[in-house]
Amino acid sequence: MTEWKSIPELGGLIGQQVRLRGWVDGRRSSGRIGFIRLRDSGATVQLVVSRKEVDDASWEVLQHAGQESTIAASGTVAADPRSPGGVEVQVSCLALVHGTEAYPITPKEHGTAFLMDNRHLWLRSSRQRAVLRIRSEVCHAIHDFHRERGYYLVDSPILTPAACEGTSTLFETPYFDHGSAFLSQSGQLYLEPAAAALGKVYCFGPTFRAEKSKTRRHLMEFWMVEPEAAFLDFEGLCVLAEDFLVYLAGRVLENCGEPLAILERDTSKLEAIQGPFPRLRYAEAIELLRRQGSGIEFGEDFGAPEETSITREFDRPVMITHYPASLKAFYMEPDPDDPSLALALDVIAPEGYGEIIGGSQRIHDHDLLLARLKEHDLPLDAFQWYLDIRRYGTFEHSGFGMGVERFVAWMAGVPHLRETIPYPRTMDRIYP
RNA sequence: UCCUCGGUAGCUCAACGGUAGAGCGUUCGGCUGUUAACCGAAAUGUUGGGGGUUCGAAUCCCUCCCGAGGAGCCA
């Protein structure tokens, strides 16, 4: 018996006898001939079943195998211009592994609520497969980028004690005799000590925010990659973020041609992601917005409309730096030229995909950090370990975080984050 | 948390005070090259729950539940 083949191999097997197994993606019959679009390993191929070439049992399978039935087929690979994809399999024998009736997701339109209820099945549709393939490539590219530059992967904890930046947005869970633990909303604080151990480090894992936000740009559980490097100054950080995005977009263009085509993504938008990115200081961004007619005042933070408005002026991501310190986190290094500003960086993606990177140089002076903790009313005893980094061989260092789903949404051109993660966790939904 | 819109067949929707319907899907039949095929037939309903108005409610009112879009916050 010939061994099982997978659909992507078929192009090199023209004229050969093969066995395939997978799911019925679509099916049509026309009297004495029928067609099944078979799916395996993310790819599909057309099976051609001719009445005179197969036995009665095989013909019955063609007639009755509903959408998403599991089938096995033997046949000959043939090149045929009439077939979608140019390659098809002339079937000699068809077997039903498991028959499916009334598969819920039909080839017609469905509402969001229905698709989300059936997310475990929705994953099988071509659009969702395409997005997941892009996500997979992005995740691999994230690791490759850091590895190629000598960064070590350091996993940060998911269960954490109280509060980096206030507990109101944290998921809480009981933790034996210690009261509550919280699901991590950033690995950064744990990465800074690791940067003293290994120099250049990054973490990449799930992150949790109990923020009651209900928009296309938010998930309760999302994946974040956070590099952190010792002796990296603010300028170095900006270059790193730029190189990172250019590298990732390049990898998607290089390896995701087919999924991008399925999604009808305008790849010229991705080809434009080349350095250097335009850089605006916060104050310049405010001026730009006011020129555009916004009533925003210096000192106010940008909302989604402002972000989109700023990026309309450019064809690539925009880096915004030097925010007022009051808008940013307690650990951000002040600008030496104007201590009311923070050495903070946000990168905003074009086409309305919003902020995808946020980062900063970190405060490395012990007394300054202590003062900031007090200003923010943070519990000092909980941060002693964090202050230790400034007590024992302190060092200039910087890092950023990137939300993977926002990046994938941007690459794939999908408007809602829920399609960029296999099982999205949103405010009102935790099933399936 | 706030604002807006919505909930009718498995799905997407129509009917908007007077007998609850269509397309798709499903089942059956037809067709030798289909691309979300096409043609014919059949089955499928506690109109989200509760209360009210009315001779009569899917339709109007109250209330609760659920969903979608947006805002704030953020990645």
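All chains are named by letter (A, B, ...) in the order of the sequence lines, taking the proteins before the strands, and each is independently numbered beginning at 1. Given the structure is predicted, the values throughout are model-derived calculations rather than measurements.
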Participant: In residues 406-425 of chain A, which ones come under 4.0 Å of RNA chain B, going by heavy atoms?
Facilitator: A/Arg406, A/His416, A/Leu417, A/Arg418
Participant: In what stems does RNA chain B take part, counting only runs of at least 3 consecutive Watson-Crick or G-U pairs whose two distances fall under 3.5 Å?
Facilitator: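 So far as stems of 3 or more pairs are concerned, RNA chain B shows B:1-7 with B:65-71, B:10-13 with B:21-24, B:26-30 with B:38-42, B:48-52 with B:60-64.
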Participant: Suppose you measure atom P in B/A75 against the same atom in B/A14; what distance do you get, rounded to whole Å?
Facilitator: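 Pairwise P distance, B/A75 against B/A14, rounds to 40 Å.
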Participant: My understanding is that only residues two or more places apart in sequence, or in another chain, count here; which of them pass salt bridge (charged side-chain N to carboxylate O under 4.0 Å, His left out) with A/Arg312?
Facilitator: none
Participant: Would you please name every residue forming a salt bridge (charged side-chain N to carboxylate O under 4.0 Å, His left out) with A/Asp144, sequence neighbours left out?
Facilitator: A/Arg251
Participant: Any ion pair linking A/Arg133 and A/Glu258 (charged N to carboxylate O, less than 4.0 Å)?
Facilitator: yes
Participant: For the pair made of CZ in A/Phe302 and P in B/G72, what is the distance, rounded to whole Å?
Facilitator: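 The answer, rounded to whole Å, is 13 Å.
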Participant: Any chance NE2 of A/His120 has more than 12 other-residue heavy atoms, nucleotides or ligands included, within less than 6.0 Å?
Facilitator: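 More than 12 within 6.0 Å, yes.
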Participant: Considering only the C1' atoms, how many Å lie between B/U47 and B/A58, rounded to the nearest integer?
Facilitator: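 About 5 Å, rounded to a whole number of Å.
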Participant: Going by 5.5 Å between centroids and 30° between planes, is there a stack of A/Phe222 over B/A75?
Facilitator: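 By the stated criterion, A/Phe222 and B/A75 stack.
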Participant: Run through A/Glu396, A/His397, A/Glu228 and flag the one making a side chain to side chain donor-acceptor pair (under 3.5 Å) with A/Arg362.
Facilitator: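 Going through the options one by one, the only one that passes is A/Glu228.
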Participant: Would you state whether a donor and an acceptor, one from the side chain of A/His218 and one from the base of B/C74, lie under 3.5 Å apart?
Facilitator: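 For A/His218, whose side chain was compared with the base of B/C74, there is a donor-acceptor pair (under 3.5 Å).
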Participant: Both A/Gly303 and A/Thr100 contact RNA chain B. Taking the nearest nucleotide for each, which residue is further toward the 5' end?
Facilitator: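 Of the two residues, A/Thr100 wins.
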Participant: Are the side chain of A/Ser69 and the backbone of A/Thr100 linked by a donor-acceptor contact shorter than 3.5 Å?
Facilitator: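 Present.
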Participant: For residues 20-72 of chain A, which residue pairs qualify under ring pair (Phe, Tyr, Trp, His ring centres under 6.0 Å), counting only residues two or more places apart or in two chains?
Facilitator: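 Those involving residues 20-72 of chain A do not exist here.
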Participant: Rounded off to whole Å, could you give me the CE-to-P distance for the A/Met427 and B/A71 pair?
Facilitator: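 Nearest whole value for this atom pair: 14 Å.
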Participant: Are the ring centres of A/Phe277 and A/Phe314 closer than 6.0 Å?
Facilitator: no
Participant: When rounded to the nearest Å, what value does the distance between P atoms of B/C73 and B/C38 take?
Facilitator: 50 Å
Participant: If you check every side-chain atom of A/Asp428, which of B/U12, B/G67, B/G70 has the closest atom?
Facilitator: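 The listed nucleotide nearest to A/Asp428's side chain is B/G67.
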Participant: Are any side-chain N or O atoms of A/Thr311 and backbone N or O atoms of A/Pro350, one a donor and one an acceptor, separated by less than 3.5 Å?
Facilitator: no
Participant: Shorter than 3.5 Å, N or O on both sides, protein versus nucleotides 2-8 of chain B: list them out with atom names.
Facilitator:
none

Participant: Assign A/Ile105 to base, sugar-phosphate, or nothing according to its heavy-atom contacts below 4.0 angstrom with the strands shown.
Facilitator: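 No contact.
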Participant: Roughly how many Å is it from CD in A/Glu68 to P in B/U26, rounded to a whole number?
Facilitator: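 After rounding, the reported distance stands at 12 Å.
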Participant: For A/Met224 and B/A75, what is the distance between atoms CE and C1' respectively, to the nearest whole Å?
Facilitator: 6 Å
Participant: Between A/Arg265, A/Lys269, A/Arg406, which is the residue that forms a salt bridge (Lys or Arg N to Asp or Glu O under 4.0 Å) with A/Glu351?
Facilitator: A/Arg265
Participant: Quick check on the 6.0 Å ring-centre criterion: do A/Phe204 and A/His146 meet it?
Facilitator: no
Participant: Restricting to salt bridge (charged side-chain N to carboxylate O under 4.0 Å, His left out), what partner residues turn up for A/Glu307, sequence neighbours left out?
Facilitator: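 Per chain and number, A/Glu307 pairs via salt bridge (charged side-chain N to carboxylate O under 4.0 Å, His left out) with A/Arg217.
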Participant: Looking only at side-chain atoms of A/Pro305, point me to the closest of B/A75, B/G72, B/G10.
Facilitator: B/G72
Participant: Considering only the P atoms, how many Å lie between B/G25 and B/A20, rounded to the nearest integer?
Facilitator: 27 Å
Participant: Take nucleotides 28-39 of chain B nucleotide by nucleotide from the 5' end and write B, S or -, depending on whether a protein heavy atom sits under 4.0 Å from the base, only from the sugar-phosphate, or from neither.
Facilitator: S--BBBBBBB--
Participant: Tell me which pairs pass ring pair (Phe, Tyr, Trp, His ring centres under 6.0 Å) where either residue lies in residues 94-119 of chain A, with sequence neighbours left out.
Facilitator: A/His110-A/Phe114
Participant: Provide, to the nearest angstrom, the distance between the CZ atom belonging to A/Arg119 and the P atom belonging to B/C11.
Facilitator: 19 Å
Participant: Rounded to whole angstrom, note down the P distance from B/G18 over to B/C61.
Facilitator: 15 Å
Participant: For the aromatic rings, using the six-membered ring if either is Trp, is the centroid distance between A/Tyr190 and A/Tyr386 under 6.0 Å?
Facilitator: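 When the ring centroids of A/Tyr190 and A/Tyr386 are compared, they turn out to be at least 6.0 Å apart.
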Participant: Between A/Phe182 and A/Phe171, does the ring centre distance come in under 6.0 Å?
Facilitator: no
Participant: Quick test of your reading: applying side-chain hydrogen bond (donor to acceptor under 3.5 Å, both in side chains), list the pairs with at least one residue in residues 421-432 of chain A, sequence neighbours left out, ordered by first then second residue.
Facilitator: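 Checked against side-chain hydrogen bond (donor to acceptor under 3.5 Å, both in side chains) - neighbours excluded - the pairs reaching residues 421-432 of chain A are A/Asp117-A/Arg429.
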Participant: Output all residues satisfying ring pair (Phe, Tyr, Trp, His ring centres under 6.0 Å) with A/His322, sequence neighbours left out; order by chain, then residue number.
Facilitator: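 For A/His322 the ring pair (Phe, Tyr, Trp, His ring centres under 6.0 Å) partners, ignoring immediate neighbours, are A/Phe234.
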Participant: Look at all strands and tell whether A/Glu307 reaches a base, only sugar-phosphate, or nothing, counting heavy atoms closer than 4.0 Å.
Facilitator: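 The residue A/Glu307 makes base contact.
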Participant: Pull out every protein N or O sitting under 3.5 Å from an N or O of nucleotides 42-48 of chain B, one pair per line with the distance.
Facilitator:
none

